[in-house]
Amino acid sequence: MKRHILSIVCLVALYLTCTPLFAQKAPISWGDIPKADLAMTVYERDTSAAAVVLADYGELLLTSNTSEYICRFTHHKRVKILKKSGFGHADISIPFQHKNGYEKIIRAKAQVISPSGKVYPVSKKEMFEETINEYWSALKFSFPNVEVGSIFEYEYLLESGNIVELQAWDFQESIPVRHSELRTDLAAGFTYLYLFEGTDEMEKSEEDGVITFQGEATVKFSDNRFILENVPALVEEAYITTLKDYRARLRFQLNKVELPGVSKTDYLHSWEYIAKELLARPSFGEQFTRKQNYKKVLEAVQPLVVGKSTETEKAEAIYNFLAQRINWEGYYGIFVSEKLDNSFEKNKAVAAEANFMLLAVLRELDISADPVLISTRSHGKHLPKYPLLDQFNHVIVRAKLDGTYQLLDVNSPLRAMGYPRVNALNYKGWVVSEKPEWIDIESAKSSDVFMIQSRFAENGTLEGEWTAQFKGYSAFEEREKYLANPNAAYWQERLAASTGTAIIKDVKVEKGKENTETFRTDFSFSIADAAVRNGDYLYFSPVLYTGLKENPFKTEKRRYPVDFPYPLTTQYIFKLELPEGYAIEALPEAAKILLPNNGGTFYYSLAEKDGTLEIVSRFMLNQRHFTAYQYPDLKSFFGFVLEKHQEQVVLKKVNTVAESKD
Amino acid sequence: MRFLLFFILLYSASVLSAGNKPEYAVSKIPFELLPNAKAVIRDSWTEFEVKSASSARQSVRFAVTRFSAAAPYSSLVVPYNQYSKVGKIKAWLYDANGNEVRKMVKDELQDFSAVDGVSIYQDNRVKYADLSYGQYPYTIEYEYELFYSEITNYPMWDIQEFGTAVEQSQYIIRLPETMKYHYKKYNVDVEPLETRASGMVTHHWKATKIKAVKQEPFIAQPFLALASVLITPGTFQVKGYTGSMSSWKDFGAFMYQLNAGRDELSPTMKAKVNELIADATTDVEKIERLYRYLQQNMRYVSVQLGIGGWQTFDANYVEQNKYGDCKALTNFMKSMLKEAKIQSYPALIGNGSRAFEVTEDFTVPYFNHVILHVPSESLWLECTSTNYPPNYIGSSNADRNVLLITEEGGKLIRTPALSSTDNVQQSITTIELSAEGEATLENTIQLSGATQEAYRYYSKNMSSEEFKKWFLENNSLPMNTIQALQVQSEQERPEASLHYKLTIPRYASKAGKRLFVPINSVNVFSSVPPEVEGRQFQFQISTGYQEQDSIIFQLPADMQIESIPQENVQLESDFGQYSLQITQEAGTVTCLRKLKINAIKAAPERYTELRDFYKQIAKLDDMKMVLVQKRT
């Protein structure tokens, strides 16, 4: 029986028996290359592959040196080059965290074997250790003498002081993997939680612990061996949260330590315990509970709330002040890197600092507010079942304002209160309080409305007045665009994209400089070549601009779900005073289409009344998440809308004889 | 001793006192500097003290006021490597009134690798600090020092960037009386003030009140639009090799000397070369065979440690590893040609953008790449390409001055241009239309020269699956299904071809009994550059090309043409030519489209004319014909 696994994590084994150190034979041994692999010219399971990982083998050993426990990670990888375009895979970079000697590469060796069987080792002097930044280094080398058909292999030992989170194992990469295996030998007394990720779209069969992966790969799990076979290549696609969410991967998180003669230490605690611990941390809770950390912030905002009566007004005043003043340094994280007053004085802050400033002063004003931890869209899915702090990379604020909960996330001068940054719209969040809880992060709907009054001038130019009204995330984007180009010249481009023949005048903008949730632009326009005149006929395309330019979905198949950060409505209302002496000859057909479960709707109607043609196009994307199975529907939906918007109206002079005789 | 004292005095003179700087108040900026300025450099001071041919100290002090987030100079960037050590670095921020807001603290300063890439190993690094601040305008001030223990060039006096005005900028160069330096001025008319003391000569350059320059599209060499002075050493020393930038000849001689004797092949490799050319009858044939051997066996991996940026790995290294960077691969090719008794020379080149081009009158080694030239056959080889035909060096190397490194020194010559007769695209499309607007579209495109480079790359580096994905995502046609798709390139010529057959359910849109059919949907010209008010600079279209497209429509049986917008159009200008001829026959319509875009340099006043010409083409390419049901 096959079925979809709904959860993204499966808890594999909690108890580990003390087995002899990697007693069984390793799946590959150094230099022992099977003849068939040397002779291979095509990888049969994916004939387009430029290279294939023949075997990827790792051993994780938790052991103690003289003073402390360390993790020794041995990694042996063997790759076959199948095409010239795969040569780049022979350039290797192994990153490690060098800071304070945290991780070290103890030894490394590498060799390449030509199709004829000749072996070329990589010499030590051709291996380079490069310091990338303060934290990270990489061991880099390139295999010499690479030709089509070559096999290369390398092995290294990495020692790490991090035993709380062990080296994660990626089963999947950008080229196919034939055999991927990790063995663990973790010291007695240490219990780890095993997190197997990337299974969202996998199909699982329950028999004998064998899992079928996307119909191709097989997985075998036993106590301390994890094997995936025939893993397909991981391919990037548009409109996903992050590719990480779909990569088959195994992570290890320390749960508890029970050593003889030492009391038991829990590493994995209850959500309540973690919340309590966070609230007491200097880099978290203390920042917004101890006044000495935010005195200057408080002094600066106090005058702003004078005379404000409601909680919402107060919060808004503070939110807007911080949003304008504090520059986001571009970093996420749930902890501060320095005390709030210091970053306040610098006018720049990491996300946690900016939001804690807001939190601290809201509480000073007796407004109920709590931090909410989030894993951003680019960081990956939440694991609500597992009390693991490292799943989060961002923190926002939930405040109860005049009885209603609102989510607050500063760091941008253009986003209104109540709209967390788009990257934070990842469905869930965890409220850190004495009674911690998971909450849903709803994303507010954005909407674009365009209203046009138009007419043809005598020379055939289409003239009119345009009102564009944006709400929500669209408003923030549009305002940003406008501020960068305050004469709104981009409308010229929008209205006659390829020919540049539109002229925009009398641009008016409401509240162009603030961060209100709506943004409105009014202007008058004229487009010289909007219509084609042919004898008695006048043809034109009535949909001049809706923001939808081309179908974002072009490929036939899709592996991963489509995920939109927020729902969206686009409404286009076009009114045309029919030119004198003309009548409607032909119109596009009206249409109404729906995606299943009301996931999206499109409505297109046309009507003539008192010499005015009115066309209404309403596009609504209500659902945020579409599975790969729903992809063809979604693609056709977008395709249909765009094609409808291309359709033409035909007008005909009425004072001529109805139809010419032929 | 005296020298040391002097040094300390200099050092202390440049230490800034912290606190408020009312002189940085925005109100103090002269009014005439504001037009077009996103930032104003308030005070810039670079002092470069040359102690010997291989040792120098650079001290920089810089203050800039930024008016918006779009202004340049939001960060402090100090590049260094193993031959240059960074001394102190400090930075301050001031508000619009010149009141100090804060100092840069130590952990704001980051240190990382200057180039990131898996197959690139190098030791160039940068010290970096983000100095952005939420409230505009504000002023950044910083100072730093660099100590050089090898000198490959002197720092230029980089007076401004686009969108930046300058209140005051100074450059002080001090060197022993026995040494010389060279300079060339761009857009700044100042002379240095000379003073002499203790065997040292000092030149003090100073410029004030320089206006901001607006960035414009198609500026021929953007570098030449800005104020700067290039400054180069008379003599310098790298790893014991002494060089000079007094002339291209001298600099080339230095490069020749630095790389001499690195072209010795092993006996095995020599034998291999002789085997490869054994029955070749002409030198061209020999060159082709050896070049193919290089392409098939060696790959690009860049190792640039120490003076690796200037000195090549020897031929043996490439033979051993079967990889190398541009210098090493070029040197290896040269070594093979030497064994074949064919003389060739490396040519240093600025690959890619032509922001700055070297000229005869001033020697400054602004190069980033090297290719190989065989004078006897007037032939050029790009040794890092695994698939170019021999003697094709690509549009990123074409038509520019390069420095040939010969035993007689350096010599400036020019690489051949790719003209519009080289860069040609020809296509034949058939479109079968149904009465519902569905099309079966088949297109065959032949490409040559610059137009084929991308497709050549795809044909060699993408699997058919990857190319299919690329094609679906990048074609501009309405939703379509692929029936057939092939991309190919010619091994021996710079030519490629693309063939596809698609079903497009709604190619033409329908209104009642009419169909609106795009005349040209396969090759639409849409690159109309943005409008520029009061253009200041000459513009240059650097690559010319030609296109010829035949599009043949098979009309649905029960429909006829109601309108074709323009049946015969011909446009002609200095900027190119365009023609569209539409002919009808029973049941078919044939569109013949010809486009020629000229490579041209023209006066700023003519920019509107260029835009108008391009706009007309875009409009014509956007035309639709109208079909209507035949009355029965």
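In what follows, every chain begins at residue 1, and chains take the letters A, B, ... in the order their sequences are listed. Note: hydrogens, waters and symmetry copies are ignored here, and every other heavy atom, side chains too, is used.
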query: Of all of B:K468, B:E466, B:M298, which one pairs up most often with chain A through heavy atoms under 4.5 Å apart?
result: B:K468
task: Tell me, for B:Y317 versus chain A, whether the close heavy atoms (under 4.5 Å) come from the side chain, the backbone, both or neither.
output: side chain
- prompt: Relative to chain B, which segment of A:V122 carries a heavy atom at a distance below 4.5 Å: side chain, backbone, both, or neither?
  reply: neither
message: Measuring from atom CD of B:E562 to atom OH of A:Y539, what distance do you get when rounded to the nearest 0.5 angstrom?
response: 3.0 Å
- prompt: Side chain, backbone, both or neither: which part of B:N461 has a non-hydrogen atom closer than 4.5 Å to chain A?
  reply: both
field: Region of A:N145 that comes under 4.5 Å of a non-hydrogen atom in chain B
entry: both
- line: Turns out that what part of B:N475 lies under 4.5 Å from chain A's heavy atoms comes down to backbone
message: Rounded at 0.5 Å granularity, tell me how far CD in B:E473 sits from OG1 in A:T555.
response: 6.0 Å
query: When you check the side-chain N and O atoms of B:S113 and A:E130, is any donor under 3.5 Å from an acceptor?
result: yes
message: Using side-chain heavy atoms (C-beta onward) and a distance below 4.5 Å, is B:K619 in contact with A:D529?
response: yes
query: Taking atom NZ of A:K339 as the centre, does the number of heavy atoms from other residues, nucleotides or ligands within less than 6.0 Å exceed 12?
result: yes
- prompt: So how far is it from B:Y128 OH to A:N133 CG, rounded to the nearest 0.5 Å?
  reply: 13.0 Å
Per-residue contact mode, B:E319 against chain A (heavy atom under 4.5 angstrom): backbone
- request: Under 4.5 Å heavy-atom distance to chain B, tell me which part of A:A489 shows up: side chain, backbone, both or neither.
  value: neither
query: Is the NZ or CZ atom of B:R514 positioned over A:Y537's six-membered ring, under 6.0 angstrom from the centre and within 45° of the axis?
result: yes
task: For the residue pair B:K322 and A:V146, establish whether any side-chain heavy-atom pair is separated by less than 4.5 Å.
output: no
field: Interchain contact, A:E647 with chain B, by part (heavy-atom threshold 4.5 Å)
entry: both
query: Is the side chain of A:K348 donor-acceptor paired with the backbone N or O of B:D130 at a distance under 3.5 Å, no angle test?
result: yes
Student check: side-chain heavy atoms of A:Q648 and B:K624 closer than 4.5 Å: yes
query: If only atom types and distance count, is the side chain of B:R125 paired as donor or acceptor with the main-chain N or O of A:T131 below 3.5 Å?
result: yes
query: So what's closer than 4.5 Å to chain B heavy atoms on A:E345: side chain, backbone, both or neither?
result: backbone
- line: When the 4.5 angstrom heavy-atom criterion is applied to A:K635 and chain B, the contacting part is both
query: Using a cut-off of under 4.5 Å for heavy-atom pairs, which of A:F553, A:Y120, A:F143 has the most such pairs with chain B?
result: A:F143
- prompt: Which atom pair, heavy atoms only, marks the closest approach of A:A90 to B:R299?
  reply: O-NH2, 3.4 Å
- prompt: In terms of heavy-atom contacts, does OH of B:Y136 have more than 12 from other residues, nucleotides or ligands at under 6.0 Å?
  reply: yes
- prompt: A:K346 and B:Y133: which non-hydrogen atoms are nearest, and at how many Å?
  reply: O-CD1, 3.4 Å
- line: Checked B:A508, B:A69, B:A70, B:S509 vs chain A; the most non-hydrogen pairs under 4.5 Å come from B:S509
task: Drop me the distance from A:S48's OG to B:M462's CE, to the nearest 0.5 angstrom.
output: 12.0 Å
Pick from B:P478, B:G512, B:A511 with the largest number of heavy-atom pairs that fall under 4.5 Å of chain A: B:A511
message: Ignoring hydrogens and geometry beyond distance, is a side-chain donor-acceptor pair present between B:Q135 and A:N347 at under 3.5 Å?
response: yes
- prompt: How long is the span from the CG atom in B:N321 to the OG atom in A:S123, to the nearest 0.5 Å?
  reply: 7.0 Å
message: With a 6.0 Å cut-off (strictly less than), is the heavy-atom count around OH of A:Y239, excluding the residue itself, greater than 12?
response: no
statement: CE of B:M479 to CD of A:E556, rounded to nearest 0.5 Å, is 11.5 Å
message: What I'd like to find out is whether the side chain of A:V650 reaches to under 4.5 Å of the side chain of B:F516, using heavy atoms alone.
response: yes
- request: Against chain B, label A:I326 side chain, backbone, both or neither, depending on which of its atoms sit under 4.5 Å from a heavy atom there.
  value: neither
query: If you look at every heavy atom in A:K83 and B:S463, which pair is closest and at what distance?
result: NZ-CB, 4.5 Å
message: Taking side chain as everything from C-beta outward and backbone as N, CA, C, O, which of these in B:S132 sits under 4.5 Å from a heavy atom of chain A? Side chain, backbone, both or neither.
response: both
statement: Sequence neighbours excluded, the answer for salt bridge (Lys or Arg N to Asp or Glu O under 4.0 Å) partners of B:R66 is none
field: More than 12 heavy atoms of other groups within 6.0 Å of B:F112 CZ
entry: yes
task: Look at atom CD of B:E108 and say whether more than 12 heavy atoms of other residues, nucleotides or ligands are closer to it than 6.0 Å.
output: yes
message: Within the 4.5 Å heavy-atom criterion, are B:Q320 and A:E126 side-chain neighbours or not?
response: no
task: Using a cut-off of 6.0 Å, state whether more than 12 heavy atoms not belonging to A:Y331 lie near its atom OH.
output: no
task: Side chain from CB out, backbone as N, CA, C, O: work out which of these in A:K84 comes under 4.5 Å of a heavy atom of chain B, or both, or neither.
output: side chain
field: Most contacts with chain A, counted as non-hydrogen pairs under 4.5 angstrom, among B:K469, B:E531, B:Q616
entry: B:K469
